[in-house]
Undergrad: 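Would you mind keeping the following structure in view while I ask a few things?
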Number of protein chains: 2
Amino acid sequence: MYALSHPLLLDTALRTGIALPSPYPAKPFAHLFAGIPPRALAAGEGLAWEGSPVENVHLVMSGVIRSVRYLRDGRRMITRFIYPGDVVGPADGAMYRSTLEAVTRAQLVALPRARWDHAIAGSPELRDALFAMLRDVADSAQRHAVLLGRQTAEERLAAFLLGIARRVGEGGKGPVQIVLPMGRQDIADHMGLTLETVCRTFTACQRLRLIRVWRRRHMWLLDMDALAGLAGATAPRDGRGASQRTARCV
Amino acid sequence: MYALSHPLLLDTALRTGIALPSPYPAKPFAHLFAGIPPRALAAGEGLAWEGSPVENVHLVMSGVIRSVRYLRDGRRMITRFIYPGDVVGPADGAMYRSTLEAVTRAQLVALPRARWDHAIAGSPELRDALFAMLRDVADSAQRHAVLLGRQTAEERLAAFLLGIARRVGEGGKGPVQIVLPMGRQDIADHMGLTLETVCRTFTACQRLRLIRVWRRRHMWLLDMDALAGLAGATAPRDGRGASQRTARCV
DNA sequence: CGCCAATTTGACTGACTTCAACTTGCGTGG
DNA sequence: CCACGCAAGTTGAAGTCAGTCAAATTGGCG
């Protein structure tokens with residue numbers, strides 16, 4: 001486990017309820033960052049801005065980062081949360097395509113882009129890992145689009161909570177405890193809702209005994225099956241594809 | 001231009017109003033597909049299903065394909081439309097992550113995955129092109145998420161129409177003519193709306209003299225500036241990032 | 001212990017959806 | 001070539017989920 005090789009990872013994992021492994025294990029890239037002193041970010045502090053050049057590739061050691069896109073009038077969408085073990089930068093090309101801000105206090109290490117590119121160019125393994133990582137970013141953005149475009153507030157939040165639970169590694173039936181590292185507004189901006197709707201929906205889920213909330217940031221997922229049913233992953237269809245006209249009624 | 005080297009591309013470009021170049025020019029990959037006889041798909045026909053193995057990489061020669069994700073109850077989201085010159089398969093890894101169906105009659109050529117992988121492994125140029133393509137898929141999925149989560153019906157459709165106009169290569173001020181290759185239901189399922197809302201919003205835009213609709217599939221974009229204002233690309237913010245608490249009021 | 005931002009709850013509004021009827025125009029076959 | 005049939009699209013009326021505005025509550029932090 002990478003956590004063993006770097007205490008910071010395990011530390012945050014405990015404090016925020018986010019355990020490794022993260023979806024794109026740092027393992028294949030971790031050695032590139034060895035020996036570089038970590039940089040600290042305060043909660044809310046910015047790391048990079050949309051449109052600015054990508055000078056470094058960062059490995060998040062502790063804390064949580066949000067990747068945000070702003071509209072001119074201030075509306076914003078958090079496209080994804082970035083957790084310890086995640087690498088940021090390579091998916092953006094030469095320019096950042098979104099703004100990066102720390103959600104919690106965070107620590108990360110920066111690797112100059114040239115060194116990163118050189119390492120990637122020289123290693124088929126790293127290349128494959130990078131491909132996989134990019135595919136994963138694309139896939140989760142598309143799954144996110146399904147949520148945003150076609151699922152209700154309750155379904156979106158069920159999916160959100162299960163996503164966090166998956167990071168903790170808990171997939172079991174029984175109550176799973178999680179800690180939310182971000183506030184309600186961030187959750188709302190990630191799920192395409194308002195903060196009030198997030199609150200009300202959590203309250204409703206609590207009444208239905210799907211979850212239990214303690215001190216705002218702590219939750220128990222009481223009924224994983226029901227939550228999974230709500231989150232409802234996309235469903236492959238058997239047989240030949242529906243013709244265009246029957247698309248709505250399955 | 002690739003269109004010159006393969007008449008099919010130009011043909012569809014004319015019929016559907018979709019001119020090359022597409023966002024990921026086929027150019028770097030085109031030679032891999034040289035000499036393979038194209039396969040025809042009827043409108044509505046399926047090409048691949050979510051969860052099935054990716055056996056071939058396809059180059060679309062003519063027509064339009066939709067990439068769809070279904071929920072269990074039949075709700076669906078079209079994550080993207082795939083146009084002539086686009087390559088499908090590499091972004092999915094070993095398994096398709098969405099279902100592919102022809103929107104219009106289409107023709108495409110299939111390259112066995114092993115040959116594709118071999119070609120990519122052997123060419124730094126192709127590798128870079130593939131990286132760029134994957135980044136583009138991820139980026140457009142994230143921009144799409146902003147639309148779905150934070151923009152109104154009118155804004156979403158303005159962005160949709162401008163996206164089609166961009167393919168035709170027309171960016172000017174004056175009226176731009178486009179042809180929509182897909183029906184209202186497909187537009188709705190791509191923009192997270194209902195077909196009725198798409199209709200009503202087109203009608204409203206027509207009353208505002210932003211567009212003119214002729215025979216359902218043909219449109220003139222009369223006021224590109226106004227449409228661009230509605231579509232409102234994401235806005236980089238200057239200065240240091242907003243702290244978490246001021247996020248909503250800019 | 002007290003301050004204050006974050007969160008929760010309440011009342012009301014509105015954008016988009018739903019259900020339903022009507023219209024258009026493409027494609028087919030006489 | 002034209003009429004017919006029917007799916008695709010449009011419009012209308014009513015409903016609903018989530019948004020907005022506002023007030024009350026909570027709990028982290030100094």
Side-chain angles (χ1 to χ4, degrees), chain A residues 15-16 42-44 73-77 103-105 147-157 179-207 211-219 230 242-249, chain B residues 15 42-44 73-77 103-105 147-157 179-189 191-207 211-219 230 242-249:
Chain A
R15 282 200 304 97
T16 63
D73 60 5
R75 281 175 288 180
R76 64 174 205 171
M77 167 63 75
V103 172
T104 64
R105 202 170 346 134
L147 270 183
L148 295 172
R150 286 289 180 245
Q151 300 196 244
T152 64
E154 198 178 32
E155 291 169 335
R156 295 183 207 188
L157 289 175
V179 179
L180 305 179
M182 69 295 285
R184 300 291 190 262
Q185 180 66 62
D186 277 354
I187 298 175
D189 283 332
H190 184 49
M191 303 313 287
L193 300 168
T194 59
L195 132 181
E196 293 93 332
T197 298
V198 171
C199 274
R200 274 190 258 272
T201 306
F202 279 158
T203 303
C205 287
Q206 202 166 198
R207 259 197 290 275
I211 64 175
R212 196 178 142 215
V213 183
W214 180 67
R215 311 260 269 238
R216 292 166 174 179
R217 300 289 182 101
H218 300 252
M219 287 198 180
L230 278 173
S243 79
Q244 216 159 336
R245 63 188 60 88
T246 61
R248 259 180 126 188
C249 42
Chain B
R15 282 200 303 97
D73 60 6
R75 282 176 288 179
R76 64 174 206 171
M77 167 63 73
V103 172
T104 64
R105 203 171 344 134
L147 269 185
L148 295 172
R150 285 289 180 245
Q151 300 195 245
T152 65
E154 197 177 32
E155 292 169 335
R156 295 183 207 187
L157 288 174
V179 180
L180 306 179
M182 70 294 287
R184 299 290 190 264
Q185 180 67 63
D186 277 355
I187 298 175
D189 282 334
M191 303 312 286
L193 300 168
T194 60
L195 132 182
E196 292 94 331
T197 298
V198 171
C199 272
R200 275 190 257 269
T201 306
F202 279 158
T203 303
C205 288
Q206 203 166 197
R207 259 197 290 274
I211 63 174
R212 197 180 140 213
V213 183
W214 180 67
R215 310 262 267 238
R216 292 164 174 181
R217 300 287 183 103
H218 300 252
M219 288 198 178
L230 279 173
S243 79
Q244 216 160 338
R245 62 189 60 87
T246 62
R248 259 179 126 188
C249 42

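In what follows, chains are A, B, ... by sequence order, proteins preceding strands, each numbered from 1. This structure is a prediction, so every number in the text was calculated from the model and none was measured.
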Undergrad: Pick base, sugar-phosphate or nothing for B/Arg215, based on heavy-atom distances below 4.0 Å to the nucleic acid.
TA: sugar-phosphate
Undergrad: Could you check how far CD of B/Glu155 sits from P of C/dA15, rounded to whole Å?
TA: 12 Å
Undergrad: Do the side chain of B/Arg156 and the main chain of B/Met191 share a donor and acceptor less than 3.5 angstrom apart?
TA: yes
Undergrad: Hey, does the side chain of A/Arg184 reach the backbone of A/Arg216 with a donor-acceptor pair shorter than 3.5 angstrom?
TA: yes
Undergrad: Do the side chain of A/Arg75 and the main chain of B/Arg150 share a donor and acceptor less than 3.5 angstrom apart?
TA: yes
Undergrad: Please state how far atom CG in A/Leu195 lies from atom P in D/dA23, giving the value in whole angstrom units.
TA: 17 Å
Undergrad: Across the strands shown, which category fits A/Arg184 at heavy-atom distances under 4.0 angstrom: base, sugar-phosphate, nothing?
TA: sugar-phosphate
Undergrad: Please determine, for the side chain of A/Thr203, which listed nucleotide (C/dT7, D/dT11, C/dT9) has the closest atom?
TA: C/dT9
Undergrad: Output the rounded distance in Å from CD (B/Gln185) to P (D/dG9).
TA: 9 Å
Undergrad: Could you state the CE-P distance from A/Met191 to D/dC17, rounded to the nearest angstrom?
TA: 18 Å
Undergrad: DNA chain D: A/Thr201 or B/Val198, which has the more 5' nearest nucleotide?
TA: B/Val198
Undergrad: Nearest to the side chain of A/Arg216, which nucleotide is it out of C/dC19, C/dA6, C/dT24?
TA: C/dA6
Undergrad: Using atom CZ of B/Arg75 as one end and atom P of C/dT17 as the other, report the distance to the nearest whole Å.
TA: 13 Å
Undergrad: List the atom of A/Cys205, the atom of A/Glu154, and the distance in Å for their closest heavy-atom pair.
TA: SG-CG, 4.2 Å
Undergrad: Can you check the A/Phe202 CZ to C/dA6 P distance for me, whole Å?
TA: 17 Å
Undergrad: Taking only the side-chain nitrogens and oxygens of A/Arg200, find out if one of them lies under 4.0 Å from OP1 or OP2 of D/dC17.
TA: no
Undergrad: Choose from C/dT7, D/dA18, D/dT11 the nucleotide whose nearest atom is closest to any side-chain atom of A/Cys199.
TA: C/dT7
Undergrad: Does a nitrogen or oxygen in the side chain of B/Thr194 sit under 4.0 Å from OP1 or OP2 of C/dT17?
TA: yes
Undergrad: Round to the nearest Å and state the distance from A/Glu196 atom CD to C/dA11 atom P.
TA: 15 Å
Undergrad: Could you state the CD-P distance from A/Gln151 to C/dT17, rounded to the nearest angstrom?
TA: 15 Å
Undergrad: I'd like to know if the side chain of B/Gln206 reaches the main chain of B/Val213, judged simply by a donor and an acceptor atom lying under 3.5 Å from each other, with no hydrogens or angles considered.
TA: yes
